[in-house]
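These notes are about the structure you will find just below.
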Amino acid sequence: MMQELMRMVERTEEEPRERLARRLGARHLRARQREERRAEEVIMEIAWSRLC
């Protein structure tokens with residue numbers, strides 16, 4: 001009985017950590033995508049300015 005309680009407590013402590021890791025991973029992914037889009041926009045602006 002005590003071991004079951006301990007396992008339940010461990011599981012509930014692990015879940016928020018996993019959720020936090022996923023959320024941080026998604027946040028980093030979105031930040032990287034924004035950075036890539038900005039870089040592409042700058043490259044396109046330079047290309048267009050050279051064409052004109």
Side-chain angles (χ1 to χ4, degrees):
M1 178 84 171
M2 189 64 169
Q3 288 178 339
E4 287 178 41
L5 285 172
M6 293 299 290
R7 269 188 243 126
M8 285 179 65
V9 168
E10 285 175 11
R11 262 188 249 128
T12 56
E13 287 176 355
E14 286 174 5
E15 286 175 7
R17 267 187 256 137
E18 290 173 2
R19 229 178 293 136
L20 179 63
R22 276 196 305 265
R23 199 169 10 143
L24 287 174
R27 199 174 285 167
H28 286 291
L29 176 63
R30 285 192 304 271
R32 191 177 324 131
Q33 288 172 337
R34 272 194 310 272
E35 194 175 299
E36 287 175 2
R37 275 195 305 269
R38 286 186 193 132
E40 287 173 1
E41 288 173 3
V42 168
I43 290 169
M44 290 304 291
E45 284 179 27
I46 293 169
W48 274 111
S49 68
R50 289 186 179 179
L51 281 175
C52 297

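By the neighbour-count criterion of 12 heavy atoms within 6.0 Å, atom CD of Q3 is sparsely surrounded, having that number or fewer from other residues, nucleotides or ligands.
Of the inter-residue distances, the one linking E35 atom CD with R38 atom CZ reads 8.0 Å to the nearest 0.5 angstrom. In this structure, the separation between CZ on R19 and CG on L24 is 13.0 Å, given to the nearest 0.5 Å.
Using a 4.5 Å cut-off between side-chain heavy atoms of Ile, Leu, Val, Met, Phe, Trp and Tyr, with links allowed through other members, L51 and I46 fall into different hydrophobic clusters.
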